[in-house]
Amino acid sequence: MRVLLVEDDRMIAQAIELALKDASYAVDCVSDGRAAEVSVRAQQYGLVLLDLGLPHLDGFEVLRNIRDSEVPTPVVIITARDALEDRIRGLDAGADDYVIKPFEMGELLARMRAVLRRNGGSGNPILTNGAIHLIPATREITFEGNTLRLSSREFSLMQSLLLRPGAILSRQDLEDRIYGWNEEVESNAVEYLIHSIRKKLGNQIIKNVRGLGWMVSKEK
Ligand code: CA
């Protein structure tokens with residue numbers, strides 16, 4: 001899943017970016033409010049992490065503008081402003097949650113997962129489709145009674161498909177969800193990932209739709 005991180009403090013941004021990548025997210029980073037707005041409109045993100053004190057346009061304005069233009073992407077505010085008034089203002093402006101700096105990365109990641117669950121309309125932290133269960137907290141997948149660990153990118157790819165079972169995702173759709181801006185993507189990267197997932201799970205789960213992309217069939 002691809003995340004936009006909006007943070008002007010370089011040290012904090014780098015620490016968060018590392019933690020997110022470690023947790024299998026693709027991350028794009030911007031450090032001011034205008035760049036945040038442009039990015040949110042240009043790219044479909046799974047989630048935005050938004051600092052409030054930003055150059056050019058503060059986080060409240062960014063949030064208000066993107067909600068005014070009906071961008072539905074979940075937003076988690078990350079801020080040192082712990083005043084009650086700011087928290088209320090942020091939530092009222094359309095944020096889904098907030099985390100107060102300094103925070104533990106573990107808490108940030110757990111809150112992100114919680115927001116994503118609510119946003120997906122399911123309270124269940126485990127993504128289930130038929131006999132497949134994907135566990136975001138540990139990056140494990142269980143299938144036919146076996147539990148396997150996926151690599152970071154394999155997990156991102158499976159998550160992208162399992163979030164929309166029955167939908168065909170093209171190579172571009174998958175690349176957009178798995179890789180950030182500054183990551184070089186080899187032309188056959190998606191095929192390579194699918195190949196390595198199939199080696200773990202067998203060939204039947206990810207279906208190839210010739211000329212269009214890949215899908216996971218929707219199962220009860
Ligand atoms: Ca700031």
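Whatever order the structure lists them in is the order used to number ligands and atoms, beginning at 1. Numbers here are sequence positions counted from 1.
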Quiz prompt | Asp86 versus Tyr98, side-chain donor and acceptor atoms under 3.5 Å | solution = no
Self-check item: N, O or S of Gly53 under 3.0 Å from the Ca ion (ligand 1)
Solution: yes
Exercise. Looking at Asp51, pick out the N, O or S atom nearest to the Ca ion (ligand 1) and give its name.
Key: OD2
Quiz prompt | For the Ca ion (ligand 1), the closest N/O/S atom belonging to Asp8 | solution = OD1
Exercise. Would you kindly check if the NZ (Lys) or CZ (Arg) of Arg2 is within the cone defined by 45 degrees around the ring axis of Tyr25 and under 6.0 Å from the six-membered ring centre?
Key: no
Quiz item: Yes or no on salt bridge (Lys or Arg N to Asp or Glu O under 4.0 Å) for Asp51 and Lys101, after CA distance, side-chain angles and deciding distance?
Solution: CA-CA 10 Å; Asp51 182 24; Lys101 295 181 222 172; 3.2 Å; yes
Quiz item: Closest heavy-atom contact between Val6 and Val48?
Solution: CG2-CG1, 4.1 Å
